[in-house]
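Reviewing the structure listed below.
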Amino acid sequence: MAEKLLLIDGSSLAFRAFYSIMNLESFKNQNGLHTNALFSFHRMFESIMNKEQPSHVLVAYDAGKVTFRTAMYGDYKGGRKKTPSEFQEQMPYFPVLLDAFGVSHYKLANYEADDIIGTLARMGSEAGYEVVVVSGDKDLIQLAGENIRVEITTKGVSELATYTPEVIREKFNLTPEQIIDLKGLMGDSSDNYPGVTKVGEKTALKLLHQYGSVEELYEHIDEMKKSKLKENLINDKESAFLSKTLARIHQDAPIEITLEDTIYRGKDTQLLMDFYKEMNFQSFQTELLKQSDDIELPEEEEPVEFVWVDEVTPEMLEKATTLHVETITENYHLAEIVAVAFGNEEKVYLTSPEIATSSMWFQSWVEDEAVEKTVFDLKAITVLLARYGLRPKGVKYDISLESYLLDTNDSVKEIADIAVKHQMNFVNYDEVIYGKGAKLKVPEDKEVLGRHIAQKVKALQLLGPVILAELANFDQKDLYETMELPLADVLARMEIEGISVDKSRLEEMGLALDERLKELEQSIYEQAGEEFNVKSPKQLGVILFEKLNLPVIKKTKTGYSTAVDVLEKLAPQAPIVHDILEHRQLAKLKSTYVDGLTQFILADGKIHTRYIQTLTQTGRLSSADPNLQNIPIRTEEGRKIRYAFLPENKDSVILSSDYSQIELRVLAHISEDKHMIEAFKEGADIHSSTAMRIFGIDHAEDVTSQMRRDAKAVNFGIVYGISDYGLSQNLNISRKQAKEFIDRYLTEYSGVKQFMEDVVKQAKLDGYVETLFNRRRYLPDLHSSNFNVRSFAERTAMNSPIQGSAADILKMAMLEIDHELTTRQLKSKMLLQVHDELIFEVPQDELELMQSLVSEVMENAVSLHVPLKVDSNFGSSWYEAK
DNA sequence: AGAATCACG
DNA sequence: ACGTACGTGATTCTG
């Protein structure tokens, strides 16, 4: 096989890698080391290796700041910003990674990576090798030659642009050698050498096409006619020659390595595995495990004992305080149970759910309030064991919930995530054991499976007290013990209960939608003069903006935007746009709400969503499989979907109770703004009263509906952490006008203004914001040097305490309502939660009681400086509960 | 897998 | 001057 030498500019690529992933916070290992550059470099490197399949590889590095170039020109690479510390700290690990890859790396005092590469490229080429050079720095294209191809990263790092002498001729009409002359004339702002004043790429190219080189140019300078350019060339002659010298990459650097030394040795899987563990690179870990079969799983110092049993005895349970139910798919309403496990950090028992739950001993252990247990995700376990009629009690530590409360930023999806954060590296990620995607499966080897589960149990057991102590430290023990933990049980029962959905009703709607969609498609094709996929934004863009020549209002990263606000602006100009808008809306209804929901109706005729209690950054719940928190309501066509949501029993109705303006009331409370509190105490219409203030109206009856609408938008904006631009977009008004609205608002509600300023200031000091119930959100981006990132964090600092406190309040109300339903032995059921709204199934004979009970509890869930108000409606379907 | 779009509070 | 509203999940297309 022919020899192929791959030369990589490590310094340049590592730097590019660093900037290609700027989401610094999510790329940290267990010791707080940033890993974004290492991760991204790894990805780039692998893709290059796969593509090139070289026989020889070398990664070259700059040795340091001082080189022969700085000796020639003191300011070479001067004026550069200091390397960010987040990057600096990753630099020592690149050699470790490369050693694990089996790839040589080299740096040389006084020289840059370029010169090492230049020298080896020459040597390789002379030896008849095919040479490939990869860098993020375009200067290296001067190395292109007969056997030398240069690849430069573009668009961050995702793609490579190839440079051969032919490409350079086509692009610049120059030879690779002339690239050096080009640099000499142009200079280089990032390397900080000057070239010739006022000469950029265009002028430099013109000159080189005429004269061929810097030397030739100055030979014939006298023949040039008098011009500013000529003057500059004469004045900067010295600089031009210096710059050319600086730009030239050395091809005879005194390197001490030979081509022999660059032979690719191949991956050392064990070293790589260790590196991935250290950096917490899960996906690479799994990938590696798939490729090789000789990797040893990490050793525990004192391995946990585990045993599969087919009978549960009291002795087994005697010292057991951790309970685990293993599943490998997310949706626990449908998931198959792989095993039930119980034990402690020393010994774990594993068995099937049938064996466990049929044991009297196990039943009473699970349901014994007095046995303080540790679990991971109480809600999931509650739903899973409910299949067997068991309801866990006495759970003290839910590691999942606790981790979420401690820091919403580090997403703890599985036990390994939190174990690794506490240096318990013996726990494997599920993906490592079970695989993922199409290859997801339980290992046949009971030893492997058993050890994996046992290690999880061990970690949970050890983590329990540690994590609770951390919560206590943050004053979050109450939040956990009296709100989130009991709520897990309430939510589990809501999920298990589910809500009845009329499948045939949905199917009827689906047929009608299909018919209308066909009509619209025909009409759209006719008006477009051709058939195309209306659902493809790309194809639609071509039709609208190229074929029909409609004006481009907004662009996205990838092309024309065809979002609703754009289409609405175009609608008056072209009737086709009306049809497209309607098509969009109906297609959404059909796919997401008719077909989508239908798939989730189980044999009991109900939909069982999952509330995710540990996801949002603010403390809200989210809902998935399916999402029942975004069922249409804003348009009549969409709202009809709600006709399909029914009470389970004929004699019952759907009752819906929602907080009125809860976020603004919370804002009034937290900010203690006099005027806003006053407005709410008077029971005023808050949007009208805001309108009166910002428009200077004295009598409520003089507020026009337009004013109220504007004021409402301003109120929303305030809650979101307002900006003039955002408001102007929302109201379709000028930015100046929007700014006036905001200024008026903040003058009138000066307490709100004060709060907004204080909350950001305090957050910058503390690093986090808090809700009324001590729920925290950390905002490291408040200190970002990037304006956008920082501004976003500031708006978040204003919004999170508001949105989060509102979420806290509804959670408190849910607990109280659940308590009342239980103690009063009512037949009414709490079915759904939609952020500020609760949905119940209520038997007719409990309706009166429930209406007042629910309102009463919700309104008095907490005591604020303003009253809380609840609106209730009921009907024979969710649609009619309005 | 990511982007674009759109449903909700 | 910088470019934006806050929080979610599902579907579809596309590289």
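Throughout, a chain's letter reflects where its sequence line sits, starting with A, and its residues are numbered from 1. This structure is a prediction, so every number in the text was calculated from the model and none was measured.
- Counting non-hydrogen atoms under 4.0 angstrom, Ala713(A) reaches a base of the nucleic acid.
- Under 4.0 angstrom from either OP1 or OP2 of dG15(C) there lies at least one side-chain N or O belonging to Lys538(A).
- Both tests hold for Arg505(A) against Tyr643(A): distance to the six-membered ring centre under 6.0 Å, angle to the ring axis within 45°.
- Checking the phosphate oxygens (OP1, OP2) of dT14(C), a side-chain nitrogen or oxygen of Ser536(A) falls inside 4.0 Å.
- Side-chain proximity of Phe787(A) to the nucleotides dC6(C), dA5(C), dC2(C) is greatest for dC2(C).
- Base engagement by Lys588(A) is indicated by at least one non-hydrogen atom pair under 4.0 Å involving a base atom.
- Within 4.0 Å of Gln617(A), counting heavy atoms only, lie sugar-phosphate atoms of the nucleic acid but no base atom.
- No engagement by Asn786(A) is indicated, since no non-hydrogen atom pair under 4.0 Å with the nucleic acid exists.
- Comparing the P positions of dC8(B) and dG3(C) gives an interatomic distance of 31 Å, to the nearest angstrom.
- Using a 4.0 Å heavy-atom distance criterion, Gln539(A) is classed as a sugar-phosphate-only contact.
- No engagement by Gly721(A) is indicated, since no non-hydrogen atom pair under 4.0 Å with the nucleic acid exists.
- For Arg777(A) against dG7(C), no side-chain N or O and base N or O form a donor-acceptor pair under 3.5 Å.
- At a cut-off of 3.5 Å, with distance as the only test, no side-chain donor of Gln754(A) or Ser671(A) sits close to an acceptor on the other residue.
- One donor-acceptor pair, N or O on each side, does fall under 3.5 Å between the base of dG9(B) and the side chain of Arg634(A).
- With respect to the salt-bridge test (charged N to carboxylate O, under 4.0 angstrom), the residues Glu484(A) and Arg775(A) qualify.
- Of all heavy-atom pairs between Tyr778(A) and Leu406(A), the closest is CE1-O, 3.4 Å.
- At a cut-off of 3.5 angstrom, the base of dT4(C) holds at least one donor-acceptor pair with the side chain of Arg735(A).
- Evaluation of atom-type donor-acceptor distances gives no pair under 3.5 Å for the side chain of Ser622(A) against the base of dT8(C).
- Listed candidates were dA4(B), dC8(B), dT4(C). Nearest to the side chain of Ser723(A) is dT4(C).
- Ring-plane geometry between Tyr560(A) and Phe545(A) is classed as tilted, the angle between the planes lying from 30 to 60 degrees on a 0 to 90 degree scale.
- Taking a pair to require two hydrogen-bonding distances under 3.5 Å in either a Watson-Crick or a G-U wobble arrangement, dC2(C) remains unpaired.
- At the phosphate of dA7(B), neither OP1 nor OP2 sits under 4.0 Å from any side-chain N or O atom of Asn627(A).
- Contact between the side-chain N/O atoms of Thr558(A) and the OP1/OP2 oxygens of dA3(B) is not found at any separation under 4.0 Å.
- When the C1' atom is compared between dC2(C) and dC6(B), the two are found 29 Å apart, to the nearest whole Å.
- Within the structure, every side-chain polar atom (N or O) of Ser728(A) is placed at least 4.0 Å from both OP1 and OP2 of dG3(C).
- Looking at heavy-atom distances under 4.0 Å, Gln585(A) makes contact with sugar-phosphate atoms alone, never a base.
- Of the candidates dC6(C), dA10(C), dA7(B), dA10(C) carries the atom nearest the Ala624(A) side chain, counting heavy atoms from C-beta on.
- Protein atom CG of Asp625(A) is 21 Å distant from nucleotide atom P of dA7(B), rounded to whole Å.
- If you check dC13(C), dA10(C), dG7(C) against the side chain of Thr592(A), the one that comes closest is dA10(C).
- Between the OH atom of Tyr404(A) and the P atom of dG7(C) there is a distance of 12 Å, rounded to whole Å.
- In this structure, Ile631(A) reaches the sugar-phosphate backbone alone: every heavy-atom distance under 4.0 Å involves primed, P, OP1 or OP2 atoms, never a base.
- Comparing dG7(C), dA5(C), dC6(B) against the side chain of Leu727(A) picks out dA5(C) as the nearest.
- Within the nucleic acid shown, Ile802(A) has no heavy atom closer than 4.0 Å to any nucleic acid atom.
- The side chain of Lys557(A) approaches dA4(B) more closely than any other nucleotide in the set dT5(B), dA4(B), dG9(C).
- When distances are taken from the side chain of Arg584(A) to each of dC6(B), dC13(C), dG9(C), the shortest belongs to dC6(B).
- Taking every side-chain heavy atom of Lys535(A) into account, dT12(C) is the closest of dG7(C), dC6(B), dT12(C).
- Among the atoms of the strands shown, only primed sugar atoms or phosphate atoms (P, OP1, OP2) are found under 4.0 Å from some heavy atom of Asp836(A).
- The shortest distance between the side-chain N/O atoms of Thr562(A) and the OP1/OP2 oxygens of dT5(B) is below 4.0 Å.
- Within the 4.0 angstrom heavy-atom criterion, no nucleotide atom of any strand lies near Asp658(A).
- A salt bridge is defined here as a Lys NZ or Arg NE, NH1 or NH2 lying under 4.0 Å from an Asp or Glu carboxylate O, and Asp565(A) with Lys554(A) meets this definition.
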* To do: Take Glu757(A) and Lys761(A) through the salt bridge (Lys or Arg N to Asp or Glu O under 4.0 Å) test and state the conclusion after the steps.
  => CA-CA 6 Å; Glu757(A) 288 166 8; Lys761(A) 207 191 295 172; over 6 Å; no
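- Among the atoms of the strands shown, none is found under 4.0 Å from any heavy atom of Val719(A).
- The base of dC6(C) sits with one of its N or O atoms less than 3.5 Å from a complementary donor or acceptor on the side chain of Gln803(A).
- At dG9(B), none of the side-chain N or O atoms of Arg620(A) fall inside 4.0 Å of OP1 or OP2 (strictly under the cut-off).
- When heavy atoms are screened at a 4.0 angstrom cut-off, Thr618(A) is found touching the sugar-phosphate backbone but no base atom.
- Distance noted for atom P between dA4(B) and dT4(C): 12 Å (whole Å).
- Relative to the six-membered ring of Tyr332(A), Arg610(A) meets both conditions, a distance below 6.0 Å and an angle of at most 45° to the axis.
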